[in-house]
Amino acid sequence: MKIVVIGGTGLIGSKTVAILRQGGHEVVAASPKSGINTITGEGLKEAMAGTQVVIDLANSPSFEDKAVLEFFETSGRNLLAAEAAASVRHHVALSIVATDRTDNGYFRAKVAQEKLIKTSGIPYTIVRSTQFLEFLRGIADMSADANTVRISPVLFQPIAADDVAANVADVALAAPRNGIVEIAGPERAPFNEIIARYLRAIGDPRKVVSDPEARYGGGRIEEYSLVPLGEARLGRTGFDEWFRRSRTAA
Ligand SMILES: NC(=O)c1ccc[n+]([C@@H]2O[C@H](COP(=O)([O-])OP(=O)(O)OC[C@H]3O[C@@H](n4cnc5c(N)ncnc54)[C@H](OP(=O)(O)O)[C@@H]3O)[C@@H](O)[C@H]2O)c1
C-alpha cells in the first residue's frame, strides 16, 4: 500500500515511517526538505498519485497563537484538497486529547485542523494523544521563571513517542473510523509531580512549585483538562522505562 506521511521527518513522523516500511509498505516521508510542502502546495499533487492513505504528522514551526492557527488551517486545506483530487481512501491525523475542552491558542488550532478533516468528505481517523514524554522538557521550559517551574497539580498522563507512532501506524492500516481514537500513557499522576520527577531524573536543579493557578500554553486547566475522559488505548512505556531508553539512545 502507498502511504504518504506528512511531517515524515519529525519526532512521531520518522518513527511511524520506520514502522510502516518494516511492514513492507511503500512510504513517502514528506517534508519541505523533501520537496513536499503543505503550506505552499509544492509537490503535493505528485506525492498523492496512487496514494491510498495519508497520515498528517506535520507541526507548525511557530507556536504563537495566530501563526499556529494559520499553519494548521492552510496546511489542512491544501492537503485535503490534494487528497480529494487523488481519491485518497483514508486520512489520519494526530491531534491532542481534550483539545476541544481546554482553551489555549495551540489547542484552538488543532480544533480548526480537526474541523477541516471532519467536513472534508474524505474517510478519516483522528488520533488524539496526550502530551509526549519527549515534550516534558519543553513544558518545564515554557513554565519556568528563573529557577522556579510553576505547574498545576491537575491530572497528567504522558505517552512515549514510540507508543504514539505504533498506534498511529496501526490506525492507518485499519479501516477509517470517521471518528476519534484516544491514546495515553500507562501512568496517570499529578502534572507537577511528573515534571518534578523528570527534572530530578535529568539533574535539573530548578524547583517545581505546585500552583493550581498555573496555566498550560496560556490557558486555564482543571483536574481533568489534559486526560482522556472515556476509553483510551494505553501505551506500554512508563516513565522509568522511557527514561532508561532515552538515556541509552542519547
Ligand atoms: N507535543 C505533544 O505532546 C503532542 C501531543 C499530541 C499531539 N501532538 C501533535 O503531533 C504532531 C507531530 O508532532 P511532532 O512533535 O512529531 O512534530 P515535529 O517533530 O516538530 O515535526 C514536525 C514535522 O512537520 C514537518 N513540517 C513543517 N512544516 C511543514 C510543511 N509546510 N509541509 C510539510 N511538512 C511540514 C517538519 O518537516 P521539517 O523536518 O522539514 O521541518 C517535520 O517533519 C503535531 O501535529 C502535534 O500537534 C503533539
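When reading the values below, keep in mind they use all heavy atoms of this one structure, side chains included, and skip hydrogens, waters and symmetry mates. In this text the structure is predicted, and so the values were computed from the model without any measurement. Remember, it's 1-based here, ligands and their atoms both numbered in the order they're listed.
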- Message: Using side-chain heavy atoms (C-beta onward) and a distance below 4.5 Å, is Leu199 in contact with Val208?
- Response: yes
- Query: Residues in ring pair (Phe, Tyr, Trp, His ring centres under 6.0 Å) with Phe71, at least two apart?
  - Reply: none
- Message: Any side-chain to backbone donor/acceptor pair from Ser95 onto Arg128? Under 3.5 Å, distance only.
- Response: no
- Task: Look at the side chain of Asp211 and the backbone N and O of Arg150, then say whether any donor-acceptor pair between them is shorter than 3.5 Å.
- Result: no
- Message: Whether Lys110 engages the ring of Phe72 as a cation-pi pair (distance to the six-membered ring centre under 6.0 angstrom, angle to the ring normal within 45°) should be assessed.
- Response: yes
Would you tabulate the polar-atom pairs, meaning N/O of ligand 1 against N/O of the protein, with distances under 3.5 Å, reported to 0.1 Å?
from	atom 1	to	atom 2	distance (Å)
ligand 1	3 (O)	Phe132	N	2.9
ligand 1	16 (O)	Leu11	N	3.4
ligand 1	16 (O)	Ile12	N	2.9
ligand 1	19 (O)	Leu11	N	2.8
ligand 1	24 (O)	Asn59	N	3.2
ligand 1	31 (N)	Asn37	OD1	2.8
ligand 1	32 (N)	Thr38	N	3.0
ligand 1	32 (N)	Thr38	OG1	3.1
ligand 1	37 (O)	Thr9	OG1	3.4
ligand 1	39 (O)	Thr9	OG1	2.7
ligand 1	40 (O)	Ser31	OG	3.4
ligand 1	43 (O)	Gly7	O	3.3
ligand 1	43 (O)	Thr9	N	3.4
ligand 1	43 (O)	Thr9	OG1	2.6
ligand 1	43 (O)	Gly10	N	3.0
ligand 1	45 (O)	Ala58	O	2.8
ligand 1	45 (O)	Lys110	NZ	2.8
ligand 1	47 (O)	Tyr106	OH	2.5
ligand 1	47 (O)	Lys110	NZ	3.0

- Could you tell me whether the side chain of Ile55 reaches within less than 4.5 Å of the side chain of Ile6, counting heavy atoms only? no
